[in-house]
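Each remark here refers to the structure printed beneath this line.
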Amino acid sequence: MDITYLKEAIICFLLTIIIEPLFFCFFGYKDKKFALNSILINVITNVCLNVLMYFILKYIPSNYELYFGILEILVFVIETIFYLIKFKKEWVLIPLTAAANALTLVIGILVTFNFIG
């Protein structure tokens, strides 16, 4: 595995499991159960996303952005379904999940481009 990709993946993973629970906390989801579930689903989706992206980069290097975009949308859908099932269809979680994912995506891109390059 390329060391640069591994560094980027680890940084994005850490950012995700820190930022997303804090983001939800800011919007009133402050209980421990929600935070732990947020960390759990983000660990699962982030690891899956990075493993899939590693193989896409290795075997289908063209159209990286397209595959990444598709997988990010899939992550959003999976996380949203998880939250809706786990937390009794609180529909406000749909835009909050989209915003949380967008926030970590943008911060992850900025951090990895500015510090890893």
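Since we're looking at a predicted model, the values are computed, not measured.
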Distance in Å, [X] [atom1] paired with [Y] [atom2], rounded so as to fall on 0.5 Å steps:
X	Y	atom1	atom2	result
L105	F76	CG	CZ	13.0 Å
T45	F82	OG1	CZ	10.0 Å
M53	Y67	CE	OH	9.5 Å
T80	I41	OG1	CD1	10.0 Å
N63	E65	CG	CD	8.0 Å

Hey, any chance [X] and [Y] share a hydrophobic cluster, counting ILVMFWY side chains that come within less than 4.5 Å of each other, even indirectly?
X	Y	value
V43	L71	yes
V47	F68	yes
V92	L103	yes
I70	I44	no
Y59	L66	no

Please assess K86 against F34 for the test side chain to side chain contact (heavy atoms under 4.5 Å, CB included), listing each intermediate value before the final yes or no. CA-CA 9 Å; K86 195 78 176 161; F34 192 91; over 6 Å; no
Do L36 and L40 have side chains that get closer than 4.5 Å, going by heavy atoms? no
Less than 4.5 Å apart, side chain to side chain, heavy atoms only: is that true for I94 and L84? yes
Just distance, no hydrogens or angles: give the donor-acceptor pairs under 3.5 Å from side chains in residues 12-30, sequence neighbours left out.
{"unit_1": "T16", "atom_1": "OG1", "unit_2": "C12", "atom_2": "O", "d": "2.8"}
{"unit_1": "T16", "atom_1": "OG1", "unit_2": "N46", "atom_2": "ND2", "d": "3.4"}
{"unit_1": "E20", "atom_1": "OE1", "unit_2": "N42", "atom_2": "ND2", "d": "3.3"}
{"unit_1": "E20", "atom_1": "OE2", "unit_2": "T104", "atom_2": "OG1", "d": "3.0"}
{"unit_1": "Y29", "atom_1": "OH", "unit_2": "E90", "atom_2": "OE1", "d": "2.6"}

The single option from V51, L52, L57 passing side chain to side chain contact (heavy atoms under 4.5 Å, CB included) against F55: V51
Between L74, V75, I81, which is the residue that forms a side chain to side chain contact (heavy atoms under 4.5 Å, CB included) with I78? L74
How about E79 and N101: does a side-chain donor come under 3.5 Å of a side-chain acceptor? yes
